[in-house]
Colleague: 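Have a look at this one before I ask anything.
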Amino acid sequence: MAKKVTRREFVQTTTAAGMALGVATPSLGQAPAIRTGGVRPIVIASNNGHTVKNGGPKTCVETAFELMTKGTDVLEALVAGVNVVELDPADSGVGYGGLPNAEGVVQLDSCCMHGPRKRAGGVACLEGIRTPSKVAHAVMEQTDHHLLVGKDAQRFAAGLGFTVEGDLNTERSRGLWLEWKRRIDPEHYLDPRKRGDAAMGAGLAMVRDGLIDADHFWGTINCDGVNARGEVCGVTTTSGLAWKIPGRVGDSPILGAGLYVDNEVGAAGSTGRGEANLYGLCSFLIVELMRQGRSPKDAGMEALRRVQKNTIEKRLLNARGLPAFGLNFYVVNAKGEHAGVSMYASQFAVCTENGAEIMKTEPLLPGRAND
Ligand code: ASP
């Protein structure tokens with residue numbers, strides 16, 4: 001059972017006055033009810049699902065839960081929830097104001113899955129649109145495809161009426177990018193490995209120096225919900241790894257990695273080091289383990305153990321010989337049982353009829369990634 005986070009442990013992210021960008025995603029309407037059952041409705045998310053509000057009255061999980069329990073399609077409710085985080089400039093790991101890539105360009109990834117309708121959509125390397133989750137949803141609703149990328153994803157969205165902006169940086173995200181540039185030596189370009197290590201090292205040093213919190217160096221939101229009819233959906237959206245090589249796509253928009261949903265079983269999604277998750281397609285693995293009877297927590301822990309086992313490169317290990325990165329999974333089964341699990345101690349958000357709260361995840365390993 002996940003533990004509630006005490007007031008002291010809960011570091012509230014400040015909200016800045018937000019800008020709402022209303023782009024209506026065309027919808028095919030209400031999802032058909034596949035099953036009726038007495039499931040206790042629940043929405044879970046990474047912890048930023050209950051920290052930022054974009055200047056409004058509700059966080060992501062509160063928004064999604066309210067819409068879902070009033071009858072809105074589960075996925076539409078979840079997308080409306082993560083829009084709060086995407087649009088909030090205070091969250092520098094998602095949407096508008098997300099930390100940019102190595103060239104200073106904000107590139108966004110997202111995917112979504114609709115359990116009852118067995119549909120999915122995603123976008124990667126999307127520039128200029130604050131709400132990539134809405135574009136992922138539009139890919140699901142409007143096309144036969146599951147993933148559109150780069151300029152063509154942007155063109156697709158523009159064709160549907162999404163506003164395309166020249167630059168999604170905020171003053172803060174651009175300022176942090178300039179600081180990162182200042183810390184690396186571009187002369188190392190001739191040795192890509194050395195330069196890559198230097199770039200990662202400079203980024204991690206900025207985390208250690210308190211300029212970026214770890215959750216926003218690798219920042220993302222995953223949000224999953226089950227309504228009273230047992231309909232399961234999920235969405236993941238991110239600006240990806242800060243200062244990534246342009247064109248890098250992490251786990252977030254990849255079905256089976258950043259998110260997987262099976263309406264009969266449940267949903268799993270992730271935040272943290274995308275490469276570690278991509279290697280094992282852990283969200284798919286977690287759902288498959290639940291299908292075989294594991295609880296959300298046990299299934300998530302098994303995926304983390306596999307990631308640990310696959311992490312053998314020295315550059316990815318800390319002084320204790322353990323993974324030197326964070327990775328979190330948010331897991332809910334079709335009965336509404338749920339867990340937040342992580343490589344090291346972390347937090348996640350839960351919303352039920354009793355309200356929203358930040359809970360502690362179950363960590364696989366003691367201490368912190370950098371210890
Ligand atoms: N998983 C995301 C990625 O690798 C980043 C994150 O969750 O922090 O792109």
Side-chain angles (χ1 to χ4, degrees), residues 13 44-49 51-52 60 82 85-86 91-95 97-102 105-112 122-127 132-133 136 147 149-150 168 173 176 196 199-200 203-204 206-207 212-224 234-260 268-284 286 300 303-304 307 310-311 316 323-331 340-344 346-349 361 369-370:
T13 307
I44 64 169
S46 39
N47 80 323
N48 49 355
T51 53
V52 297
C60 162
V82 299
V85 185
E86 290 174 322
D91 191 310
S92 56
V94 180
L99 293 177
N101 67 20
V105 177
V106 180
Q107 283 185 331
L108 305 172
D109 303 327
S110 179
C111 75
C112 62
V123 286
C125 287
L126 178 67
E127 295 174 15
S133 64
L147 184 60
V149 305
L168 292 187
S173 64
L176 286 166
M200 180 58 89
L204 291 173
M206 288 172 73
V207 174
I212 313 169
D213 69 77
D215 280 346
H216 290 131
F217 187 59
W218 289 279
T220 295
I221 182 164
N222 162 251
C223 187
D224 312 293
V235 58
T236 302
T237 174
T238 188
S239 52
L241 177 67
W243 335 132
K244 61 196 173 187
I245 294 174
R248 176 264 189 190
V249 175
D251 57 334
S252 305
I254 305 299
L255 305 181
L259 174 70
Y260 197 71
S270 82
T271 61
R273 184 176 152 79
E275 282 71 9
N277 179 24
L278 265 174
Y279 193 80
L281 289 179
C282 294
S283 291
F284 181 74
I286 291 167
L304 287 166
V307 171
N310 286 334
T311 306
L316 297 173
F325 52 81
L327 185 60
N328 312 302
F329 295 111
Y330 314 96
V331 191
V341 301
S342 51
M343 197 61 87
Y344 298 100
S346 186
Q347 301 175 350
F348 73 117
T361 57
N370 290 327

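Both counts, for ligands and for their atoms, begin at 1 and track the order of listing.
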Colleague: Between Asp251, Thr238, Val94, flag the one that comes closest to atom 3 (C) of ligand 1 by a heavy atom.
Modeller: Asp251
Colleague: Taking NZ, NE, NH1 and NH2 as the nitrogens, is one of them in Glu275 or Arg248 under 4.0 Å from a carboxylate oxygen of the other?
Modeller: yes
Colleague: Which residue is it: Asn328, Val94, Ile221? I am looking for the one with a side-chain contact (heavy atoms from CB on, under 4.5 Å) to Thr271.
Modeller: Asn328
Colleague: Given the rule in the side-chain contact (heavy atoms from CB on, under 4.5 Å) test, do Val307 and Cys282 qualify, once you have shown the distances and angles that lead to the verdict?
Modeller: CA-CA 8 Å; Val307 171; Cys282 294; 3.6 Å; yes
Colleague: Counting only heavy atoms closer than 4.0 Å, does ligand 1 sit against the backbone of Thr271, its side chain, both, or neither?
Modeller: both
Colleague: Select the closest option to atom 6 (C) of ligand 1 among Asn277, Thr220, Leu108, Val249, judged by heavy-atom distance.
Modeller: Thr220
Colleague: Checking the N or O distance criterion of under 3.5 Å, is ligand 1 in contact with Gly272?
Modeller: yes
Colleague: Find all atoms of ligand 1 within a distance of less than 4.0 Å from any non-hydrogen atom belonging to Leu241, and give their numbers and elements.
Modeller: 9 (O)
Colleague: Going by the order shown, which atoms of ligand 1 are within less than 4.0 Å of some heavy atom of Ser252?
Modeller: 1 (N), 2 (C)
Colleague: Under the 3.5 angstrom rule, does the side chain of Tyr260 hit a backbone N or O of Leu281 as a donor-acceptor pair?
Modeller: no
Colleague: Using the rule side-chain contact (heavy atoms from CB on, under 4.5 Å), only one of Val123, Ile254, Leu255 pairs with Leu147; which is it?
Modeller: Ile254
Colleague: Taking the inter-plane angle between the rings of Phe348 and Tyr330 on a 0 to 90° scale, is it parallel (under 30°), tilted (30 to 60°) or perpendicular (over 60°)?
Modeller: tilted
Colleague: Which of the atoms of ligand 1 are close to Gly240, meaning less than 4.0 Å from one of its heavy atoms?
Modeller: 9 (O)
Colleague: Say whether Glu275, considering both its backbone and side-chain N or O atoms, lies within less than 3.5 Å of an N or O atom on ligand 1.
Modeller: no
Colleague: What I'd like to find out is whether the side chain of Thr361 reaches to under 4.5 Å of the side chain of Val341, using heavy atoms alone.
Modeller: no
Colleague: Please indicate whether any nitrogen or oxygen in Gly274 is less than 3.5 Å from any nitrogen or oxygen in ligand 1.
Modeller: yes
Colleague: Counting heavy atoms only, which part of Arg248 comes closer than 4.0 Å to ligand 1: side chain, backbone, both or neither?
Modeller: side chain
